[in-house]
Structures are given as C-alpha cells and as structure tokens.
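Heavy-atom basis, side chains included; hydrogens, waters and symmetry copies ignored. Just so you know, these numbers come straight off a predicted model, no measurement behind them. We count ligands from 1, going down the list as the structure has it; atoms in each ligand are counted the same way.
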Amino acid sequence: MEFPVKTGAPASQRTACAILPVFEGRGLKGPTKEVDLSCGGLLGQLVKSGDASAKPGSVLLVPQLQGSAADRALLVGCGKQADFDAKRVRQALITAVGKLKSTGVKEATSYLTYTRHRSLDAYYATRVSVDAARSAVYSFDELKSGRKSRTRLSKLAIAIGNRSDLRESRRGVSDGRAIANGTDIARDLGNRPANVCTPSHLAREARSLAKRCDNMEVTVLGPSEIKRYKMGAFLSVTQGADEPPRFIVVRYRGAPASHAPVVLCGKGITFDTGGISLKPAPKLDEMKFDMCGAAGVLGTMAAIGELQPEINVVALIPACENMPSGSATRPGDIVRSMSGQTIEILNTDAEGRLILADALTYAKRFKPKYILDVATLTGACVVAVGHLYTGLFSRDEKLTAALLGAGERSLDAAWRLPADDEYGLSLKSNFADFANIGGREAGASIAAQFLSRFVDDTPWAHLDIAGSAWVSTGEKGATGRPVPLLTDFLLNL
Ligand code: BES
Ligand code: MN
Ligand code: ZN
C-alpha cells in the first residue's frame, strides 16, 4: 500500500474517496466543512438527518459528491474533537478502511488528521494512520485455496493542513510502514500452523530477512552445536520432539562495534503440548502461537533493518517443539543449564522459561546494554491483565519508563507487574538448585523470577505477551505485538 502525503485544500483535492471526520457538536468542522461547502451542504444534511453520526464506530459512505473534487465521501464518527487522540485515530481509520474494503475503491485520502490536535504531533498522527490502515487490510490466506480476498485499496493519501508538517509526516509514513511490515511478518509467522512454522522455518525466515540488508547477519545453531554449548535446559524441552531444534542468532550492526548492543530474546516454542505434563484438549490449537515471542523479535529486526537506526541489536531465538514421547523429559528430571545451575523440572509445561534460561545465559557474550526477553510465558499473565496489555517485569526504572512510554506511543501498551525477589522463594527444590515452577499464586511474577536467575547485573526486562500476542475471538489470529512497542523503543534509544 502507498501512502503519499498531501497538502492541498480538501475541496479541490482529487480522490476516489475523501475520508472525513465527524465530530460531536453543532456544525461540521475543518476539512469536512470545506468539502460540505463545495457540495451544497449535503454532508451537513446527512448528519442532521442522523444518517451520519459523530459516534465512534459509525461510518457512512456517500457514493456521489457533486461539486467536490472527491468522487465519494466517507463520513467517520470521531467523538469529541478534544478527545481525538492516537487511539481514536487508529479506531476511526480501521473503521474507514474496513468499510472501503467491501467497496471497489482503489485509492482514498484521509482527512482524519488534517487538523492538528493537541495531543498528537504530525509524526505520530501519520505513523498511527499508516499502521492502522495496514492492520485493517491484513489478511492471512496463504493456506486457503481459490480466489484470495485481497483488498483493492492500494493507495491511501494522508492529507495534512500545515505545509510545515510535511517532513515530519513523511517520516511518520516511513516509520509507520516499517513497523507495519515488521508487524505483518510477526503475524504471518504466528498464524502459520506448527506443521509449517517449524524451528527450521523460523531459521529460514531469519535468513531471508537478513538477505535484505548488508548489515544484518544470521547464524543458526543445530542440535550438535546446542549440545556443544551445554544448553541443557533448552535441550530438555526439545528432547521429546522429532522436529530438530534451532538456536537462531541475528545481528544488526548500525553502530560501531564499540557500542554495546540491545539483546532481544524471543521464545520460539513452535508448538506447546505441555510435554508429559500434557495440556487439556480445549484450545490446544492456539499453542501454535507459542512462538510469538520469536515472531515479535524477528518482526522487530525486520523493521530495524528497514529503518537503519545507528544502534546495534542482537536477536536470540531458541526454537523447538514441546512434545510428549518416550524420549521426553519426565517431571522430576534434573538438568544442568548452560549457566551451570541445575533445575528440577517439576512441570514440563513450564518450558518457555527453560529455553529462555539458556538464551539469557548466551546473551552475556555480547556484553549488552540491555537485555529484553519476549515470551508467551504464562496463563497467569492473561488472568492478571487480559488481552489489552503486555506484562512488563523489570527492576530497572529507566528501562521500564522507556518501554512503558514506547508502548503508549505506539498503541501497543505494556503494564508493569511486580518483579520482587520474594516471588522466587517458592522455586525451592530439595534435589536441584531450584525448580522450574513455584506456588499457584502470582505465576507470572514467579516465572519472571525464574528468568532473573540467568541474568547478571545487565538492565533487563521481561515482556509476557501471553495475552497480547493473539486474539481467540472474532478475527482469530496473531496481533504482531509487541513489534510496535519494541521498534519504538529501539528508535528512541
Ligand atoms: N505457553 C504457555 C503459556 C500460555 C498458556 C500462554 C495459555 C497463553 C495461553 C506456557 O508454556 C505454559 O504452559 N505455562 C504454564 C506454566 C505453569 C505450568 C507454571 C501455565 O501458564 O499454565
Ligand atoms: Mn507450556
Ligand atoms: Zn509455552
């Protein structure tokens, strides 16, 4: 999809469809009023008659506009003008593009952010518009036969009222497009079933990403190398599966080697049956999404590769299946992690923390500035914050503030949850250094404490995306989160 930025007057701008905001209160405002004047007050009448409304979510297509340079108008309810923030822009544009998808319209112009709003600068107004439009046209149909439901909308112009905002808006387009491209990659990887999206598939995708930029390189470790590194925790998870594991390392070099990198670790369980601690059948298909941490990290690397910021980033992805079989790990088995610490595996379904343990240990060799890990780690996190937020665990105040801010700005929000040492007390084991599970309460914080035992003094944050990585209702599928949050964070370092 193309996103040109336009500065012309609304009434004289040629377009197949002008997307116009309708705000609460008497009379039309801004660009909507200008178009209304040129077409003899038709739009005002439609609002008066109640056919069009300011209510968020409402939308009316006006198929013919005489007197205006726009062939059609799409009136989109935007609520109170004073409350029109990034979230509302996103909702309004998703509504608008959703409506246009069902028509044959190939090109449209958005006036939703034509008037500059208090809380939204030109850069973010444009970035959020691009990101919203792209997410509204996303579909996953590569595995459906027959005609694909490709949307015909291939160009969305973003109209702005101030010429002086042109540069910032254009920057919003390129950042928004890169974030959307990364998000789409994460969504595709998440949506692919486990018989397609295997650990080797993730490795191939990482390689093809790196091929697109000179300063990105990929190294993939197979079973024998993983053994050589003594990644006993990771190996204990993969040992029941026939599908071979991969440990994927992606390096992006945008700054001199003397700059400490940010290391991103993504959980890449391509299918989580629970292992011998087998999961129940309902919704088990959704455990194909258990590699969404890996997908989010790869999507972020794609966005970074496209935008080329002057930083260094390393992505680490332990990828394998968690299967039950004659060779699978048994509850009670004790393994030695790469860090040297021994772990009593009391529940083979708490596998994400085991593969991440070795990835976090491996991260040390890069002497990172920050370590972030991203994982669909606990059902407890979903119980705590639902699907709205990613759970954020960190003891570093500066890193926490940066991540929370990035989440808010990119409409991919995280919520801070407790990361006190005390949550680790119940990981006590009589037979090993500690166990892989603790008590029943505060399961997401216990998991975070387990991970913390594999991180030294490096500022570190753990993102639990168990609730935010996919939706099970309505348009079921992967969301691509937290690509927007991570990319915004990295761009603002
Ligand atoms: N991948 C799951 C977590 C999960 C479950 C994410 C449901 C999203 C939806 C993880 O590997 C897991 O099974 N965690 C266990 C941990 C428990 C055994 C301590 C859980 O949350 O039940
Ligand atoms: Mn599990
Ligand atoms: Zn899992």
Check: Between Lys279 and ligand 1, does any nitrogen or oxygen pair lie at a separation below 3.5 Å?
Finding: yes
Note to self: Counting only nitrogen or oxygen atoms and a 3.5 angstrom limit, does Gly379 reach ligand 1?
What the structure shows: yes
Margin query: Just checking: Glu351, one of its N/O/S atoms, less than 2.8 Å away from the Zn ion (ligand 3), yes or no?
Written below: yes
Note to self: Please list, in number order, the atoms of ligand 1 under 4.0 Å from a heavy atom of Glu351.
What the structure shows: 11 (O)
Note to self: Taking the side chain as everything from C-beta on, heavy atoms only, tell me whether Arg481 gets closer than 4.5 Å to Thr390.
What the structure shows: yes
Next item on the list: Among all protein heavy atoms, pick out the one at the shortest distance from atom 18 (C) of ligand 1; state its residue, atom name and that distance to 0.1 Å.
Entry: Asn347 ND2, 3.5 Å
Next item on the list: State whether the number of non-hydrogen atoms from other residues, nucleotides or ligands found under 6.0 Å of Arg416 atom CZ is greater than 12.
Entry: yes
Check: More than 12 heavy atoms of other residues, nucleotides or ligands under 6.0 Å from NZ of Lys99: is that the case?
Finding: no
Note to self: Checking one value in my table: which N/O/S atom of Asp290 lies closest to the Zn ion (ligand 3)?
What the structure shows: OD2
Check: Which bit of Ile446 gets closer than 4.0 Å to ligand 1, counting heavy atoms only: side chain, backbone, both or neither?
Finding: neither
Check: Under 4.0 Å from any heavy atom of Ile437, which atoms of ligand 1 are there?
Finding: 19 (C)
Checklist line | Any protein heavy atom < 4.0 Å from atom 22 (O) of ligand 1 | finding: no
Check: Would Leu377 count as a contact for the Zn ion (ligand 3), in the sense that one of its N, O or S atoms lies under 2.8 Å from it?
Finding: no
Note to self: Starting from atom 12 (C) of ligand 1, what is the nearest protein heavy atom, named by residue and atom, and what distance separates them?
What the structure shows: Asp349 O, 3.2 Å
Next item on the list: Look up atom CG in Leu404 and atom CD in Glu397, then write down how far apart they are to the nearest 0.5 Å.
Entry: 9.5 Å
Checklist line | Asp464 side chain reached by Leu417 side chain, heavy atoms, under 4.5 Å | finding: no
Notebook entry, point to check: Going by the atom numbers of ligand 1, which of them fall below 4.0 Å from some non-hydrogen atom of Arg353?
Noted result: 16 (C), 19 (C)
Next item on the list: Please examine the side chains of Thr329 and Val237, heavy atoms only from C-beta on, and report whether any two atoms are closer than 4.5 Å.
Entry: no
Item checked: Residue pair Phe366 / Arg251, side-chain heavy-atom distance below 4.5 Å -> yes
Notebook entry, point to check: Counting both backbone and side chain atoms, is some N or O of Thr376 under 3.5 Å from an N or O of ligand 1?
Noted result: yes
Checklist line | Within-4.5 Å side-chain heavy-atom neighbours: Asn215 and Gln308 | finding: yes
Next item on the list: Write out the residue and atom name of the closest protein heavy atom to atom 8 (C) of ligand 1, then the distance separating them to 0.1 Å.
Entry: Trp470 CH2, 3.4 Å
Next item on the list: Can you establish whether the number of heavy atoms outside Lys230 located under 6.0 Å from its atom NZ is more than 12?
Entry: no
Check: On the ring face of Phe434, is Arg453 found with NZ or CZ under 6.0 Å from the centre and within 45° of the axis?
Finding: yes
Check: Any N or O on Asp290 sitting closer than 3.5 Å to an N or O of ligand 1?
Finding: yes
Next item on the list: Would you mind reporting whether Ser135 and Ile94 have side-chain heavy atoms less than 4.5 Å apart?
Entry: yes
Item checked: Minimum-distance protein heavy atom relative to atom 2 (C) of ligand 1 -> Asp272 OD2, 3.6 Å
Notebook entry, point to check: Around Glu310, counting heavy atoms of other residues, nucleotides and ligands shown, do more than 12 lie under 6.0 Å from its CD?
Noted result: no
Note to self: Suppose the cut-off is 2.8 Å; which protein N/O/S atoms would you list for the Mn ion (ligand 2)?
What the structure shows: Asp272 OD2, Asp349 O, Asp349 OD1, Glu351 OE1
Checklist line | Atoms of ligand 1, numbered as shown, that sit under 4.0 Å from any heavy atom of Ala466 | finding: 6 (C), 8 (C)
Margin query: Counting neighbours of CZ on Arg152 that are heavy atoms of other residues, nucleotides or ligands and sit closer than 6.0 Å, is the number greater than 12?
Written below: no
Notebook entry, point to check: Is any side-chain heavy atom of Lys267 closer than 4.5 Å to a side-chain heavy atom of Thr376?
Noted result: yes
Notebook entry, point to check: What's the shortest distance from atom 14 (N) of ligand 1 to any protein heavy atom, and which residue and atom give it?
Noted result: Leu377 O, 3.5 Å
Check: Going by the order shown, which atoms of ligand 1 are within less than 4.0 Å of some heavy atom of Lys267?
Finding: 1 (N), 10 (C), 11 (O)
Notebook entry, point to check: Is Phe450 near ligand 1, meaning one of its heavy atoms is under 4.0 Å from it?
Noted result: no
Margin query: Is there a side-chain contact between Asp358 and Phe247 in this structure, where contact means two heavy atoms from C-beta onward sitting under 4.5 Å apart?
Written below: no
Notebook entry, point to check: In Asp272, which N, O or S atom comes closest to the Zn ion (ligand 3)?
Noted result: OD2
Check: Nearest to atom 9 (C) of ligand 1 by heavy atom, Lys283, Met287, Glu286: which?
Finding: Met287
Notebook entry, point to check: Does atom NZ of Lys476 have more than 12 heavy-atom neighbours, drawn from other residues, nucleotides or ligands, at distances under 6.0 Å?
Noted result: yes
Margin query: More than 12 heavy atoms of other residues, nucleotides or ligands under 6.0 Å from CZ of Arg440: yes or no?
Written below: no
